[in-house]
Amino acid sequence: MDCFIHAAPLQGLTDYKFRNVFAQLFSGVDYFYAPYIRLSSRKEIKKANLRDINPKHNVGYTLIPQVLTNNSDDFLKVAKYIEETGYKELNWNLGCPYPMVTKKGMGAGMLNNPDAIVNLLERVCSTTNVQLSVKMRLGNELPGNILEILPLLNDFPIKNIIIHPRIGKQLYKGAVDLDTFEKCLNLTQHQIIYNGDITGIEDYKKLKARFPGINHWMIGRGLIANPLLPEMIKLNSDGYPVHRYKLLLKMHDLLLYEYEKFLSGDAQIIMKMNEFWKYWSYNFQEANKPLKKIKKAKSLSKYNQAVVELFGEYLN
Ligand SMILES: Cc1cc2nc3c(=O)[nH]c(=O)nc-3n(C[C@H](O)[C@H](O)[C@H](O)COP(=O)(O)O)c2cc1C
């Protein structure tokens, strides 16, 4: 079966610690994307990004770095750095929906300016040897933007285009617009990767039935909530493996161990873990009490007690 799974970048979640733990315990992901690099006001790549994409921290899986910018100098600076570091591909973020970004004409905020996209690509493609891929939404305010942009992208040597079929204004809410996504497929000669709201095998099957020509799928929140999903999709398996909760606990424990080493103070560590619990709680739908205790824990000992209580209800 031709099916490739791309693990979406999620700022604050899918850093190298997450990726390493994921790759150690689960399978099915063909490509991981690093959360975006945006240059600092001093036009430098931030330390956290350098650490995140350091090849020594990313062993055993394929990582694709990502850049968020509307400026070709900044783009080329990041492209040069990642090329020197040994990466072959750079993904361009044209989808970030947050007003702090879009108001500056970056991310989804660039989608209503096709000329600026073309100008940047002309300069970047004629300067760097790094292969480009693009991650975009349908538009920022209007889903029609993408229909204007895709034909223009046919002129450039782009590896693939990841489409998240929402507009920026929706953030991550409301329905994905599959009708506009379908229109996109006739307008591009590039390989398209579908991205959006795949949270279970049923979602994948429905999408595959409607878009049989798509072989590349990007999964973000669904993969954090259910790290077994890529494997289940590839095995075409409807049921969860028996060791589901054992693996989730292992993932939790390994991540907690990593963040305990890296962050300081119980509050910071618990806050970080709670970012993951927003998604993991999906696996524990009948366990409101211990989930609440995890959320409210003020010390790591209380936090750990609540985690033990929660898993105790699911592991036997
Ligand atoms: C908390 C969060 C952080 C994100 N960070 C990034 C990012 O750094 N770069 C990017 O291209 N997309 C980012 N995204 C968007 C995801 O990569 C993905 O496109 C989106 O979640 C839709 O896919 P999903 O429905 O499978 O989650 C982020 C999304 C969330 C919820």
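We count ligands from 1, going down the list as the structure has it; atoms in each ligand are counted the same way. Heads up: numbering here begins at 1 and tracks the sequence.
- In terms of protein heavy-atom proximity, atom 9 (N) of ligand 1 is closest to Q66 OE1, 2.8 Å.
- Near A8, with a cut-off below 4.0 Å to any heavy atom, the atoms of ligand 1 are 17 (O).
- Outside the 6.0 Å centre-distance limit, the rings of Y31 and F4 are not counted as a close aromatic pair.
- By the criterion of side-chain heavy atoms lying less than 4.5 angstrom apart, applied directly or through intervening Ile, Leu, Val, Met, Phe, Trp or Tyr residues, I224 is grouped together with L63 in one hydrophobic cluster.
- Residues F181 and F211 place their aromatic rings such that the two centres sit under 6.0 Å apart.
- Of the charged side-chain nitrogens involved, none lies within less than 4.0 Å of a carboxylate oxygen, so that D177 and R166 do not count as a salt-bridged pair.
- Ionic pairing of R38 and D74 is not present here: no N-O contact between side-chain nitrogen and carboxylate oxygen is shorter than 4.0 angstrom.
- Ligand 1 places these atoms under 4.0 Å from at least one heavy atom of G196: 25 (O).
- Near D197, the atoms of ligand 1 lying under 4.0 angstrom from a non-hydrogen atom of the residue are 24 (P), 25 (O), 26 (O).
- Here the protein heavy atom with the shortest distance to atom 20 (C) of ligand 1 is Y172 CE2, 3.5 Å.
- Given atom 23 (O) of ligand 1, the protein heavy atom at minimum distance is N195 ND2, 2.9 Å.
- Using a 4.0 Å cutoff on heavy atoms, G222 does not count as a contact of ligand 1.
- Contact check for H6 versus H216: side-chain heavy atoms found under the 4.5 Å cut-off.
- Short contacts between ligand 1 and P35, defined as distances under 4.0 Å to a heavy atom of the residue, involve ligand atoms 8 (O).
- Of the protein's heavy atoms, P9 O, 3.6 Å lies nearest to atom 7 (C) of ligand 1.
- Between F18 and F276, the ring planes are parallel. Angles under 30° get that label, and only those over 60° would be called perpendicular.
- Near I219, the atoms of ligand 1 lying under 4.0 angstrom from a non-hydrogen atom of the residue are 26 (O).
- By the 6.0 Å and 45° rule, K17 stacks over the aromatic ring of F262.
- Heavy-atom proximity to N93, at under 4.0 Å, picks out these atoms of ligand 1: 9 (N), 10 (C), 11 (O).
- Scanning all protein heavy atoms for the shortest distance to atom 26 (O) of ligand 1 gives G220 N, 2.8 Å.
- By the 30° and 60° cut-offs, the orientation of the rings of Y16 relative to H57 is parallel.
- For atom 5 (N) of ligand 1, the closest heavy atom belonging to the protein is Q11 N, 2.9 Å.
- Here the heavy atom of the protein found nearest to atom 12 (N) of ligand 1 is K135 NZ, 3.0 Å.
- The cationic group of R137 lies under 6.0 Å from the six-membered ring centre of Y172 and within 45° of the ring axis, placing it in a cation-pi geometry.
- The contact set between ligand 1 and R221, taken as ligand atoms under 4.0 Å from a residue heavy atom, comprises 21 (O), 24 (P), 25 (O), 26 (O), 27 (O).
- Polar contact check, H164 against ligand 1: no nitrogen or oxygen pair lies under 3.5 Å apart.
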